[in-house]
Structures are given as structure tokens and as C-alpha cells.
Protein chains: 2
Amino acid sequence: MDALVQLTWRVYDILDDAARAHDLSTSQLRLLGILRDREPEMLELAGHLGVDKSSVSGLVDRAAARGLVERVPSATDRRRIAVRLTEAGRAQREILETEIYTAIDRAGLTLPPGARSTVTP
Amino acid sequence: MDALVQLTWRVYDILDDAARAHDLSTSQLRLLGILRDREPEMLELAGHLGVDKSSVSGLVDRAAARGLVERVPSATDRRRIAVRLTEAGRAQREILETEIYTAIDRAGLTLPPGARSTVTP
DNA sequence: TATTGTTATACTCTATAACTATA
DNA sequence: TATAGTTATAGAGTATAACAATA
């Protein structure tokens, strides 16, 4: 049980290092990961990230300022705004993914095949 | 491989929720965990946390202000300062541990026995 | 001179509360 | 009135650089 928490910190450190190497935060990294196969609106995004909607505004602002994501206004409800990766954001995410997997592998932190189904319902 | 990163975020959220419920941050939570069976000096603590020594000063300041940890000056080298849990800090950490394990269990996130040795060298 | 720790400064991330625009 | 999103504000966490005290 403690092993799971220790594992979490070790992987978290790897994620943080990888993000930092590209001058990104773990929150920005997580944002890119969530947007890989989604185009959520701000509130929905807040739910995925587990933070308040007001925090998402700033998070998306900074990611957009770096050209990684863009806001997409809804055609039917002018209050709603979706967020999606730009091409640059998609490329950045893929680079990070590769580096992270390499680092995880190098650290010898691979879940055995049997654990995967247990762990990702 | 992706499963490991997803698992990390899920456990990280559980840790964050548990810390928040006691008005603590994940960094403070991690600090308490590290000090469970150690009495490191500031630089050593920075190494464990993976942050700069200047960040540790503030982290320990805030934890000390809440009575969770205390600074212990070295008897032989007056530059060095060790950090240890107070009794209150030890109690707080144990409460958090229980709550975290309960939450992890409730989320169905248990590593199968075979994974443990793989994962914590 | 080198090392340990703190301080000054600036930025990101976060929540709460108040606000705007739209429904 | 209710909802989606932003802004204002305050606090924590972080790094860099400069500093103080000690070795």
C-alpha cells in the first residue's frame, strides 16, 4: 500500500522533470495530456483537472500564450468555450510522452501486465 | 505504460484531497511522509523533495508555524540544521496515512502483490 | 574559500468572491 | 434567475541570485 504512494511520488518526479525540461509545469503537462483526445469546455476541463474553473482560466491563458492550446467558442451557446490542442501543442505533447516513457523505463518503473487491468478500470 | 501515468494522477489526486481536507498541501504531506523515519538536514531534505534548498526554508517555516515540525541545530556544525516531526506532526501524519489508505482502497487502486517488488527497488 | 541556510524577487498555481455576458 | 467564463485578490510553492554565518 505504501508502495503505491512511493511509486506515485517517483513517477510524479519524472513527470515534473520532463515538464521542467521544456519549461512547463506539471499542470501544463497534465493539461496537454487531457486534451490529447478531448475538446472539453472550461467547466468540463476543470472537472478533469480537479481544480476550480477560475484556475482553468489562467492555466489555459498561459498555455494559449505559448501557442499550445486554443479557445474555440461554441456556435450555439455564446457563453461556452471549448479548448483544444494546437498543432504545436500536439507535437509538444508527443515529445513529452516519448521522454516520459523513456525516463520511466530507465527508472525500471514498469507495471507488470497483470497490474494494468487492476489499476485502470 | 500510459496506465502508470494515469495511475499516478489518480493517486496524486487522492493525496491532494486528503491533504486539503486538513488544510495542507501535497508538499506539506510529502514533507511529513519523508520525516516519518528520518531527521534530515535542510540540504538533504531538499534532495528528498527534489526542490531547491531555498524552497525548503519556506516549506519548513510554514510546517513549523503549524507545529508539525521543528528545527534542530547541529551540536558540532553551527551551519547545519536538522528537521524532525513534532508529536503533533507525527499524529497528523498517521491520521493522513489512514485516510489515504482508505481512499486508495475505496478507489480500488491496489497494486497486486507481484507488482510491489517490481515497483519499489 | 567553500558550505549551509536564509532572504529578496518573480512567476505559476490555486481558491474564493465578485463580476460580465448569455441563456 | 441560472449558468459559463473571467477577473481581483491572497496565499502557497517554486527557482534564481544575493546574502550571512560558519567551517
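Quick caveat, the model's predicted, so the values are computed rather than measured. Order of the sequence lines fixes the chain letters, A, B, ..., with proteins taken first and strands second; residue numbering starts at 1 for each chain.
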So, using salt bridge (charged side-chain N to carboxylate O under 4.0 Å, His left out) as the criterion, who are the partners of [X] when residues are at least two apart?
| X | value |
| --- | --- |
| A/Glu97 | A/Arg36, A/Arg93 |
| A/Asp52 | none |
| A/Arg79 | A/Asp77 |
| A/Asp16 | A/Arg20 |

Self-check item: Nucleic acid contacts - residues 58-82 of chain A versus DNA chain D, non-hydrogen atoms under 4.0 Å
Solution: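 Under 4.0 Å from DNA chain D: A/Arg71, A/Arg79, A/Arg80, A/Ile81.
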
Self-check item: For DNA chain C, the residues among residues 44-55 of chain B that have a non-hydrogen atom under 4.0 Å from it
Solution: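 Within this stretch, B/Lys53, B/Ser54 sit under 4.0 Å of the strand.
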
Exercise. May I ask you to list the residues of residues 21-32 of chain B, by number, that have any heavy atom positioned under 4.0 Å from an atom of DNA chain C?
Key: none

Qualifying residues under side-chain contact (heavy atoms from CB on, under 4.5 Å), relative to [X], sequence neighbours excluded:
| X | value |
| --- | --- |
| B/Arg90 | B/Leu85, B/Glu87, B/Glu94 |
| A/Asp61 | A/Arg71 |
| B/Glu39 | B/Val72, B/Ala82, B/Arg84 |
| A/His22 | A/Leu24, A/Gln92, A/Ile95, A/Leu96, A/Glu99 |

Tell me, do [X] and [Y] make a side-chain contact under 4.5 Å, heavy atoms counted?
| X | Y | answer |
| --- | --- | --- |
| B/Val5 | A/Ile104 | yes |
| B/Ile34 | B/Arg30 | yes |
| B/Leu7 | A/Leu7 | yes |

Practice problem: Please list, in 5' to 3' order, the outermost nucleotides of DNA chain D lying under 4.0 Å from any heavy atom of chain A. | Solution: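 So the contact region on DNA chain D extends D/dA2 to D/dA15.
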
Quiz item: Hey, what's the ring geometry for A/Tyr12 with B/Tyr12, parallel, tilted or perpendicular (30° and 60° as the breaks)?
Solution: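 Aromatic pair A/Tyr12/B/Tyr12 classed parallel.
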
